[in-house]
Amino acid sequence: MALETLTAIIPTIIDYTVRPVARQVGYIIFYKSNLEDLKSKLENFDSAKQRMKHEVDEVGRKIDQKVHADVLKWQSDADKITRKAKTLLDDEGRANTKCLYICPNLKSYHRLGRKFTKLEFASISYNAAVEDISAIASDEYMAFESRTSMVKDIITELKKPDINKIGVYGLGGVGKTTLAKEVYREARQEKFFDDVVIILNVKEKDNKKIQKEITEKLGMDVDKSEDMGKRANLLWARVKEGKTLVILDNVLERINFEVVGLVGVPHCKLLLTSRERNVLFHDMQTQKDFQLKFLTENESWSLFEKMAGNAVKDNRILKEATQLAKKCGGWPVLVVAVASALRESSLEEWKYALRSFKRFDKKEMNEKAFLALKWSYEQLGDQELKQLFLLCGSCSNFLSDLLKYSMGLGLIKNVETVEDARISLNEMVKKLKSSCLLLDSYDEETVRMHELVRDVAVRIASDDQKAFSRADGDEVKEWPTADFLKKCTRMSLDGCMIPRLPEVPWECPELKLLVLVNDDIGKSQEIPSKFFEGMKELKVLDVTAFSIESLPPSLQSLKHLQTLCLDQCELEDITLVGWLTNLKILSLIYSKVKELPKEIGQLTKLQLLDLTCCSELVLISPDVISSLTRLEELRMGIKSFKQWEGDGPTSGGSNATVSELKHLVELTALDIHVPDANLLPADLFSDKLERYTILIGDCWAYPDIHPTSSNMLKLKITRRNQFDRGMKLLVKKCEQLYLDGMEIVNIISYLFDSEAVNQLKHFHVQNNDKVKYVINSVSCSYSHNAFSNLESLALEDLVSLESVCYGQLIGEPFPKLKSLTLRNLPKLIGFSSKGKQLTIATKADKIVTVDEVGGPSRLFNNGEVLMSNLTTLTVHQCDSLRFLFSSSMVKCLGQLKHIKISKCQALQMVYETSSTTQLNDFRCPNLNSVEIDSCDSLKNVFPASVAKDLKQLSKLEVENCSLMEEIVAREEGPQTAYEFGFPKVTSIEFDNLPRLRNFYPGLHVSNWPSLNLLRFTKCGGVKIFAAEFSTYQDKFELGMEPFFLIEKGKSFLNLEHLLLDGNTEIWYEPYGPLPAELLRKLKGIVFATSHPKSDVFFENLQNTELLHVLSAPWKELHEVETLSRVKVLWLIDMPELIHLGMENSQLGGPFFPNLEFLGLEKCGRLENLTSSLISFRNLTILRIRSCHELQYLIPYSVGKNLPQLHVLDVGYCERMVEIVASNGVDSEIEITFSCLRHLELSDLPSLQGFCTGNCIFKVPSLETLIVKNCQLIELKISPDGLLRSDPKPERLQIAEETDDVSMLTAASMQFGKALMHIPCHVLLVLTCVLRHKCDSYLELCSLHFRVWSLGNNACVISTKH
């Protein structure tokens, strides 16, 4: 058996051992022949490699083929073998001496060579999809924020499993194709989709071509002879296997995706672009649409700059280029066209282009841009829609005007009522927005049109309808020719400088609309008596902002007139209007008209009468209103007629009565104010009223804004029977309800009984001493989720109100409440109460609140009312509240953004914290602003656990809280070092907090990277403004805690406005050096310091414009680098200051070269103002107070160089002898203060004259001279402006000032004109010159600083104050 087994395996052993060994021995013995054999094989191998390279290169030149991966690997391995073999053959000597080591290599190379030589591939290439050219960004593409953010949003939406069809719409040329390509590139790069396909210019392709392109770009081998149905099946089978994105650009009409083969595939996503949203949303049924709008101004300029190239680097061209870029309006196609065309142009050509752009001309401007808009216009199809578009472009952007014009012209077909016309108009506006011919509006009352679209609309109207249009400050230099006027159908001059109207009447037989809106409301413009005689077919006439003494008689010839607007006019008599018996619309908005004469009663076809803001209208002839029986809308509420009379024998019978409204049976809209509810007849209001703003009672102020679609009712009724059926009908339809008076309880009961409570969006209740609860579930029932649509609730002056909700709540009331205002509710103990009671200790008159568990009163307690949408909370004078929020409100305040608390004297904490409550889960993540004022029991604002998560907070103001000790309170339990980060806080103001000591009493760090404004005033406990945390830890000194502990480089990086009072040191040197970043960006700073040197501060104030030093021990101002931006320098309370700087500076020039205001107060040792550090050439205001060592104000050398000085104010300087020192000059000299308008000298007992030397002063522009308590002199001004002791001139008042501020104010009014010549930022300093009633210099500085911090452009100072 063993022998048989051995016999069987011997051949196998031989195969695996003896024969290989023999071959190895053969290689060793016959190595020379093997070397020759290797050389021969290598030559053949090289030939095979070369042949393979040719084939691979051939494939490389084909776009639609790629080389197989194994072929590429063969090439790489073959190159390695060749290199090694050649190395071996080049070293034969080495092969001879070391055969034992070499021979195995020869064998290996021999084997590999034979393998590679014999290797054959079935094919070396495969078909590959051609990369779409869309994957390459065009030269014009720039990654703008408005575009990149939309691309990201689109990609995000495409990844959602429930979204498979997305649309992008926008005007032609706005960049939809560019955006589609960018989505294509982004989607390919992210590789979220297996295949991404883009088809451009789809509008020129039918379903068959679209299908064909998609299959080709997916690399499908589809026979061209196959029908669409079979290809659709193949395409469907292809895309269902993976994730596919198909982008179809510029879709014009519906695509049948079922025919194409792209339906029922959940992983196939579609992105469509179109010029019209309707095509996407209605025809293609997209699930999400994005509107691509114009570029922002900065983006537009960046694109313009890129396309214009080096041309805009020329400073001469830059000004024209920036204006031209703005004219392009952010429209990419126009930006590219204009900038590219001017790339190599001269300055003259740039200027010509800018002039041409002032009026859009399709011959001169880019034809492509014009045609893109005109194409959109032509696609509207509907003639009514086209006419409305042209009307928007040439007449008005107010919907109310467009309604009046459209009805008058008959543009809105198949409607009979004003309300139907309004609904149709709104639908038409939506369609224009969908076509991108109108922009989204800022409000409900206006439409918005891009400037370039408006230009095109004007052009089309001019070409097609012979319309003449000018707007927005244009000057009509000449009227159209007589030939044009004969064909003209519309003329609109909106806000123009309208020349005198011609005496000879125009012949305008085709004119249907005439709009004349003056740019100067007070300008008196006569309308010639025969002006309208040649306009027999006129249907709409709008004359706005004219002062018309009498309407022209030719107005009566307008027999077809449907709409007449005489808005903002001064009208003496409108009797003639009564003869226009075909009028449907009459508008007198904001006009000064005193009487509506009886002739107006003849307008029996009138449907709309608008008397809004006719504040001087006091007389409406009796029976005029009742005669207008077809009237549908009557608007006379806002600041208009209120002199209603009552019915009966006590009525005067000379004015309109409220009962006349009963005759208006078609009335559907009413704005009215009746001051006395006793004038109301029974059941005045009917259920036909759909729109109304009705005020009943004398306590209401009309809203400043025009009424919206939201019905408003303000009621103050005195008797129960006045709340009748008609009034209840109004309440049921009301969305904004305001209640005042003693009948409030009955009306609230009706709200619940009728379920009208759920209609309300805004509810305001005031002035009642009976109401204890708004919702009382104990005594009455109410519907589930009461006030289900209420957005704002305001409760004011309800002295008995204990809680808003009482008893067991049903459901969740107030689910949509956004704003809650509680004012003067002295007994309020909580928003919701199940059993709280209010008791008053009669001896101490102290209010004590006790609830069912004996705890303190809280506005929000235990999550009883969930207000997940509340954003704004205002609490004022609610003196029974001790806390606002309990710990269990965690789920209720997620959207809270604004808190404002004032005069809540019992309030101890905003957020209740104690040993029994935990706030670890309490969050206000969206809190944006906190304002607290006059809460004398409040000791802090936030607990630490809340403060550390206020990432959205931007504004913090706390003032007049006498017990406030810290902003963030230390919580009980284990203490840790907190890090408070406030990344978005931009404004902090603390005022009159005498006990305030620090931000947080424990170890902490606070970071304020975005802080822009910081103000500390009257915070006596704050000794040090800030210190760095690291140095403070090492050098802590008791009683010198800084308010802020900060980390270097993380706080005050953007601080621009800093105000600290004299009690607070800006920095404490022992805690480390002053960080440069604290001051680097400051534009305005008010501070006090004990640091002996000024340069520590000044060297970092390179951006400062306003510098106030309230107190410092400085003896002089030390030299630093030039502070060229400082315009206001105010030094106060510096008793050691001797001079403002060395007379001979080593820097070569002043470091205050542009100073415009210089003020010095309480600098008792100051000897003179002479300083080479300060330039006086730009000085506008010079004010010196209480500098007793000064013997003169300025030397002659400075006095003769004050060309800009407007105001000179010197007072309380006991030793001052003269204003300008003569310096011993013997010859007569003359100094002219050419701009000086106000000169004030007060309490200068030693003053002997303006100049004691031989000097003549001229003040030709002086308007006010005030001299007080200067016993040794009497200054007078001659008529020719000479300052001397001459008789008092008649043209100038010289006032002996008293302490009566009003007297000085009256004097200051005389130089009101001077204010117009003073820069805005310097006008701020006149707060001190005009002596505002401030208790201290600090208050004056604070007032100045606060206005300054708003920005120089915001400065407006009235000379009346």
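Predicted, not measured: the structure shown is a model, and the values here were computed from it. Each residue takes its place number in the sequence, starting with 1.
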Within a 6.0 Å radius of atom [atom1] on [X], are there more than 12 heavy atoms belonging to other residues, nucleotides or ligands?
X	atom1	result
K770	NZ	no
K592	NZ	no
K818	NZ	no

Test D401 against S396 for side-chain hydrogen bond (donor to acceptor under 3.5 Å, both in side chains), laying out the working first. CA-CA 7 Å; D401 288 340; S396 177; 3.0 Å; yes
Please determine, by modelled atom types, if [X] and [Y] share a side-chain donor-acceptor pair under 3.5 angstrom.
X	Y	result
D797	N824	yes
T668	E419	no
S954	N928	yes
N758	E755	no

Do the side chains of [Y] and [X] get nearer than 4.5 Å, heavy atoms only?
X	Y	value
Y806	K772	no
S591	E616	no
I932	S902	no
V799	P826	yes

Does [X] come within less than 4.0 Å of [Y], counting only side-chain N to carboxylate O?
X	Y	result
E633	R691	no
E690	K688	no
D698	K716	yes
D687	K733	no

Would you please name every residue forming a side chain to side chain contact (heavy atoms under 4.5 Å, CB included) with Q722, sequence neighbours left out? A677, N678, I717, T718, R719
Would you confirm whether [X], through its side chain, and [Y], through its main-chain N or O, come within 3.5 Å as a donor-acceptor pair?
X	Y	answer
H764	E796	no
D567	I589	yes
T563	K404	yes
N655	V618	yes
Q895	L927	no
N711	E735	no

What verdict does the salt bridge (Lys or Arg N to Asp or Glu O under 4.0 Å) test give for K955 and E931, after you've listed the backbone C-alpha separation in whole Å, the side-chain angles of each residue and the deciding distance to 0.1 Å? CA-CA 8 Å; K955 177 182 179 181; E931 299 175 60; 3.7 Å; yes
Contact summary for [X] and [Y], nearest pair of heavy atoms:
X	Y	result
L896	T872	CD1-N, 4.1 Å
C961	D936	CA-OD1, 4.2 Å
M636	I620	CE-CD1, 3.6 Å
L828	C878	CD2-SG, 4.3 Å
D420	E416	OD2-N, 4.4 Å

Could you check whether the rings of F787 and F814 sit parallel, tilted or perpendicular, using 30° and 60° as the cut-offs? parallel
With sequence neighbours excluded, tell me which residues meet ring-ring contact (aromatic ring centres under 6.0 Å, His included) with Y750. F723
For H663, enumerate each residue passing the ring-ring contact (aromatic ring centres under 6.0 Å, His included) test, keeping only those at least two apart in sequence or located in another chain. none
Qualifying residue for side chain to side chain contact (heavy atoms under 4.5 Å, CB included) with L795, from V765, N768, L820: V765
Given the options I696, L634, L661, I672 meets side chain to side chain contact (heavy atoms under 4.5 Å, CB included) only with L661
For salt bridge (Lys or Arg N to Asp or Glu O under 4.0 Å), just list the numbers for D289 and R277, CA-CA rounded to whole Å, side-chain angles, deciding distance to a tenth of an Å, and then say yes or no. CA-CA 8 Å; D289 291 328; R277 185 173 184 268; 3.6 Å; yes
Going from [atom1] on [X] to [atom2] on [Y], what distance comes out if it is rounded to the nearest 0.5 angstrom?
X	Y	atom1	atom2	result
L739	Q766	CG	CD	9.0 Å
C565	I585	SG	CD1	7.5 Å
L884	F831	CG	CZ	13.0 Å

Check against side-chain hydrogen bond (donor to acceptor under 3.5 Å, both in side chains), D769 and S800: CA-CA 5 Å; D769 57 6; S800 297; 5.9 Å; no
Under the criterion salt bridge (Lys or Arg N to Asp or Glu O under 4.0 Å), I'd like the reasoning laid out for D933 against K900: C-alpha separation, chi angles, the key distance, then a yes or no. CA-CA 8 Å; D933 182 15; K900 188 171 184 178; over 6 Å; no
